[in-house]
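What follows is one structure encoded as structure tokens, with my remarks underneath.
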Amino acid sequence: MNERMKLPVSAQLFLIEGDEILLLRRYNTGYEDGKYSVVAGHIDGNESVAEAMIREAKEEADITIAKEDLQTIHVMHRKKIRGEYIDYFFFCNKWTGEIKNAEPNKCDDLRWFNINNLPENMVDYIKEAIEYYKNDVKFSEFGW
């Protein structure tokens, strides 16, 4: 019997205040370095996708988010050269703590951008997901 395909799952956070979204520039990671993305990460296992998002927010931006303040806004089935992924995108506009770059070895810029005037150097599927968020699209397939 063939083993079923297993897909990595990620959690992506749209921290939004007014018309601004928090973006970070990837640095020294080996993946999309020099491009802007959002606070994000893979599920470690033995945690829910929401728990993973809460953990990543603390690890990357040093903020605490309550599970009830996360809203699932989009799910993406993504295909890249390195394989397929399932990405869960969350919206949040309430947290505790001061946002700061808690991983300067992986991020060299963390700041707010107008959601309608994003930087050119963005991770492609993140930029696409922001457009889906703005247009209230709940599911997409990317890279097919």
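Computation of the quantities below employed the complete heavy-atom set of this structure, encompassing side-chain atoms and omitting hydrogens, waters and symmetry-equivalent molecules.
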Check: With respect to Leu13, which candidate in Leu70, Ile21, Leu22, Ile54 satisfies the side-chain contact (heavy atoms from CB on, under 4.5 Å) definition?
Finding: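 The passing option is Leu70.
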Notebook entry, point to check: Counting distance only, does the side-chain N/O of Glu51 pair as donor-acceptor with the main-chain N or O of Ser48 below 3.5 Å?
Noted result: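 Yes; judged by distance alone, with no hydrogens or angles, the pair exists.
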Check: Do side-chain atoms of Glu47 reach the backbone of Asp44 as a donor and acceptor pair under 3.5 angstrom?
Finding: yes
Euclidean distance, [Y] [atom2] relative to [X] [atom1], rounded to 0.5 Å:
X	Y	atom1	atom2	answer
Cys92	Ile65	SG	CD1	4.0 Å
Leu110	Leu23	CG	CG	8.5 Å
Asn121	Arg25	CG	CZ	7.0 Å
Leu15	Ile99	CG	CD1	5.5 Å

Note to self: Other residues, nucleotides and ligands only: do more than 12 of their heavy atoms fall within 6.0 Å of OH on Tyr125?
What the structure shows: yes
Item checked: Ion pair check, Asp124 and Lys80, cut-off under 4.0 Å ->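 Yes, charged N to carboxylate O under 4.0 Å.
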Next item on the list: In sequence, state the C-alpha distance, the side-chain angles, and the governing distance for Arg78 and Met76, and then conclude on side chain to side chain contact (heavy atoms under 4.5 Å, CB included).
Entry: CA-CA 6 Å; Arg78 178 169 49 101; Met76 180 181 285; 4.2 Å; yes
Next item on the list: Sorted by first residue and then second, give each ring pair (Phe, Tyr, Trp, His ring centres under 6.0 Å) pair with at least one member in residues 12-53; sequence neighbours left out.
Entry: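 Of all non-adjacent pairs touching residues 12-53, those that pass ring pair (Phe, Tyr, Trp, His ring centres under 6.0 Å) are Phe14-Phe89, Phe14-Tyr133, Tyr36-Phe113.
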Enumerate donor-acceptor pairs with a distance under 3.5 Å from any side-chain N or O in residues 136-144 to protein atoms, sequence neighbours excluded.
from, atom 1, to, atom 2, distance (Å)
Asp136, OD1, Lys138, NZ, 2.9
Ser140, OG, His74, NE2, 2.7
Trp144, NE1, His77, O, 3.4

